Asks: 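My structure is below; once you've seen it, I'll send some questions.
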Amino acid sequence: MKKWYAVIGDPIAQSMSPNMHEFWFNEENMDATYIPIHVTADQLREVVEGLKNLGCSGWNVTVPHKSAIIPFLNQLDSSARQMNAVNTVHVLEDGTLVGSNTDGRGFVRSLEEATGEQCKDKKVLVIGAGGAARGIAFALQSAGYGPIFFTNRTLEKAEQLATELTESMVLSTAEAELALSEFGLIVQTTSVGMNFAQNGMPLNPENVSEGTVVADIIYNPLETEFLTESRKRGAHTLNGVGMFVHQGALAFETWTEVRPKTGFMIEKITTTLGG
Ligand code: ATR
């Protein structure tokens, strides 16, 4: 029987996940489909029941349901527990709903696809201390990266996050700006620089040095001002398309045990976004 998968969120029309997963199902000759479903917060409980009862094999979860969905699931893997957020639900044969979070590991895979292991054993600076920063920092740490430093507009949030990781420290924005040249990897996880949301940069990249890997998880625009300025100083820059594609590929693997091709998808989405 044809299998079906979904993504739930509010809003959902802008999601690129349906096209990506449909493409992979076709490419892998799998009899499956993937649909976007608009779900408001008050509908979440009944939608989860409905998806399960209607035979959905798995779904992605996006804003604003990533944490709210947790009480309605049966199990969480370690990534979802660490992040207290779920972006992928897998429905097992017996109906058990297992939540996981592929965002952080998606980032690490995109980093390693683009730069190999050159950032291992180098100091890492994570800008931001929200959900994205948390997922990426845990995934980097479990992949053997670090020490990890955080800097954030609200310093207390960075301090709290740092206590949860081993060998982690916090810098004020001014301290981070002065020390930028010491880092082998800088990861920008805030919403600063996103189209229509907030212009500008989270900190001044003047001291970024040549050869540093600077990643921004934003993919719209493809190149934030922070990446442009870092690139001008000789940094190797990476936008958020790779992380988006790899988090999706990890969800696809969770459901199907097949690893889809990511390189072509990154090119395709980059073109769609005007690159
Ligand atoms: P996400 O899940 O995308 O990480 P989040 O948990 O709301 O979203 O976290 C947003 C991050 O962007 C936070 O680090 C936030 O800083 P604060 O902790 O000080 O709020 C950061 N951020 C958002 N707008 C910002 C701005 N205008 N300047 C600097 N940092 C900003």
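As the structure is a prediction and not an experimental result, all values here were calculated from the model.
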Asks: Under 3.5 Å, is there a donor-acceptor pair between the side chain of N101 and the main chain of S79?
Replies: no
Asks: For the atom pair CD1 (I269) and CG (N19), what is the distance rounded to the nearest 0.5 Å?
Replies: 8.5 Å
Asks: Can you name the nearest heavy-atom pair linking Q188 to I218, along with the distance?
Replies: NE2-CD1, 3.9 Å
Asks: Passes side chain to side chain contact (heavy atoms under 4.5 Å, CB included), E225 versus N199? Steps please.
Replies: CA-CA 8 Å; E225 191 180 348; N199 289 326; 5.8 Å; no
Asks: Of all residues at least two apart in sequence or in a different chain, which pass the side-chain hydrogen bond (donor to acceptor under 3.5 Å, both in side chains) check with T224?
Replies: D216
Asks: Not counting sequence neighbours, which residues clear side-chain hydrogen bond (donor to acceptor under 3.5 Å, both in side chains) with S230? List them please.
Replies: none
Asks: If you round to the nearest 0.5 Å, how far is CD1 of I8 from CD1 of I35?
Replies: 11.5 Å
Asks: Got a sec, which residues hit side-chain hydrogen bond (donor to acceptor under 3.5 Å, both in side chains) with S172, two or more places apart in sequence or on another chain?
Replies: E175
Asks: So for atom CD, which belongs to E49, do other residues, nucleotides or ligands contribute more than 12 heavy atoms lying within a distance under 6.0 Å?
Replies: no
Asks: NZ of K123 to OG1 of T212: how many Å apart, nearest 0.5 Å?
Replies: 12.0 Å
Asks: How long is the span from the CG atom in L185 to the NZ atom in K122, to the nearest 0.5 Å?
Replies: 9.5 Å
Asks: Through direct or indirect side-chain contacts below 4.5 angstrom among Ile, Leu, Val, Met, Phe, Trp and Tyr, which residues connect to L227?
Replies: L125, I127, F149, M169, L171, L180, F183, I186, M201, L203, V208, V214, F226
Asks: Ignoring hydrogens and angles, tell me if any N or O in the side chain of N239 forms a donor-acceptor pair with the backbone of L222 under 3.5 Å.
Replies: yes
Asks: Within a strict 4.5 Å, meaning less than it, do heavy atoms of the H38 and D10 side chains meet?
Replies: yes
Asks: Of all the heavy-atom pairs spanning E253 and P260, show the shortest one and how long it is.
Replies: CG-CD, 4.1 Å
Asks: Could you report the tightest heavy-atom contact between P205 and R233, atom names first, then the distance?
Replies: O-CD, 3.3 Å
Asks: What are the two closest non-hydrogen atoms of V213 and C119, and how far apart are they?
Replies: CG2-SG, 3.5 Å
Asks: Can you confirm whether E206 is buried at CD, in the sense that more than 12 heavy atoms of other residues, nucleotides or ligands lie under 6.0 Å from that atom?
Replies: no
Asks: Do E159 side-chain atoms and V170 backbone N/O form a donor-acceptor pair below 3.5 Å?
Replies: no
Asks: Kindly indicate, with the supporting measurements, whether the criterion side chain to side chain contact (heavy atoms under 4.5 Å, CB included) is fulfilled by T33 and E22.
Replies: CA-CA 6 Å; T33 193; E22 286 287 344; 2.5 Å; yes
Asks: Are I266 and H246 packed together at the side-chain level, in the sense that at least one heavy-atom pair is separated by less than 4.5 angstrom?
Replies: yes
Asks: Any chance the side chains of Q75 and T96 put a donor and an acceptor closer than 3.5 Å?
Replies: no
Asks: State whether the number of non-hydrogen atoms from other residues, nucleotides or ligands found under 6.0 Å of Q14 atom CD is greater than 12.
Replies: yes
Asks: Which atoms form the tightest heavy-atom contact between P36 and I12, and what is the distance?
Replies: CB-CG1, 4.1 Å
Asks: Side chain to side chain contact (heavy atoms under 4.5 Å, CB included) between H21 and W255: does it pass, once the steps are laid out?
Replies: CA-CA 11 Å; H21 286 278; W255 299 322; 3.7 Å; yes
Asks: Looking at side-chain heavy atoms only, is the closest gap between V258 and M30 below 4.5 Å?
Replies: yes
Asks: Please list all pairs passing the side chain to side chain donor-acceptor pair (under 3.5 Å) test where one or both residues lie in residues 259-275, with sequence neighbours left out.
Replies: E113-T262
Asks: For atom CG of D121, is the number of surrounding heavy atoms from other residues, nucleotides or ligands below 6.0 Å larger than 12?
Replies: no
Asks: Look at atom NZ of K120 and say whether more than 12 heavy atoms of other residues, nucleotides or ligands are closer to it than 6.0 Å.
Replies: yes
Asks: Atom CG in L238, atom CD in E223: separation rounded to 0.5 Å?
Replies: 11.5 Å
Asks: How close do L161 and F150 get, counting heavy atoms only, and between which atoms?
Replies: CD2-CE2, 3.5 Å
Asks: How far does CG of L97 sit from CZ of F72, to the nearest 0.5 angstrom?
Replies: 11.5 Å
Asks: Please output the side-chain donor-acceptor pairs of residues 83-92 that fall under 3.5 Å, not counting sequence neighbours, one pair per line with the distance.
Replies:
{"unit_1": "N87", "atom_1": "OD1", "unit_2": "T102", "atom_2": "N", "d": "2.9"}
{"unit_1": "N87", "atom_1": "OD1", "unit_2": "T102", "atom_2": "OG1", "d": "3.4"}
{"unit_1": "N87", "atom_1": "ND2", "unit_2": "T102", "atom_2": "OG1", "d": "3.0"}
{"unit_1": "N87", "atom_1": "ND2", "unit_2": "D103", "atom_2": "OD1", "d": "3.0"}
{"unit_1": "N87", "atom_1": "ND2", "unit_2": "Q247", "atom_2": "OE1", "d": "3.3"}
{"unit_1": "T88", "atom_1": "OG1", "unit_2": "N60", "atom_2": "ND2", "d": "3.3"}

Asks: Out of F252, Y34, F25, W59, which residue meets the ring-ring contact (aromatic ring centres under 6.0 Å, His included) rule with Y5?
Replies: F25
Asks: Report yes if some heavy atom in the side chain of L140 is under 4.5 Å from a heavy atom in the side chain of V108; otherwise report no.
Replies: yes
Asks: Whether the side chain of R81 engages the backbone of L76 through a donor-acceptor N/O pair (distance < 3.5 Å, no angle test) should be reported.
Replies: yes
Asks: Within the 4.5 Å heavy-atom criterion, are F244 and S110 side-chain neighbours or not?
Replies: no
Asks: Hydrophobic clustering (ILVMFWY, side-chain heavy atoms < 4.5 Å, transitive) - are V61 and L54 grouped together?
Replies: yes
Asks: Kindly determine whether F138 and I148 satisfy side chain to side chain contact (heavy atoms under 4.5 Å, CB included), including the steps that lead there.
Replies: CA-CA 10 Å; F138 273 108; I148 297 175; over 6 Å; no
Asks: Does M243 reach the side chain of Y219, with side-chain heavy atoms less than 4.5 Å apart?
Replies: no
Asks: Is there a chain of hydrophobic side chains (I, L, V, M, F, W, Y, each step under 4.5 Å between heavy atoms) that links L44 to V98?
Replies: no
Asks: Backbone N or O of P71 within a donor-acceptor pair of the R45 side chain at under 3.5 Å?
Replies: no
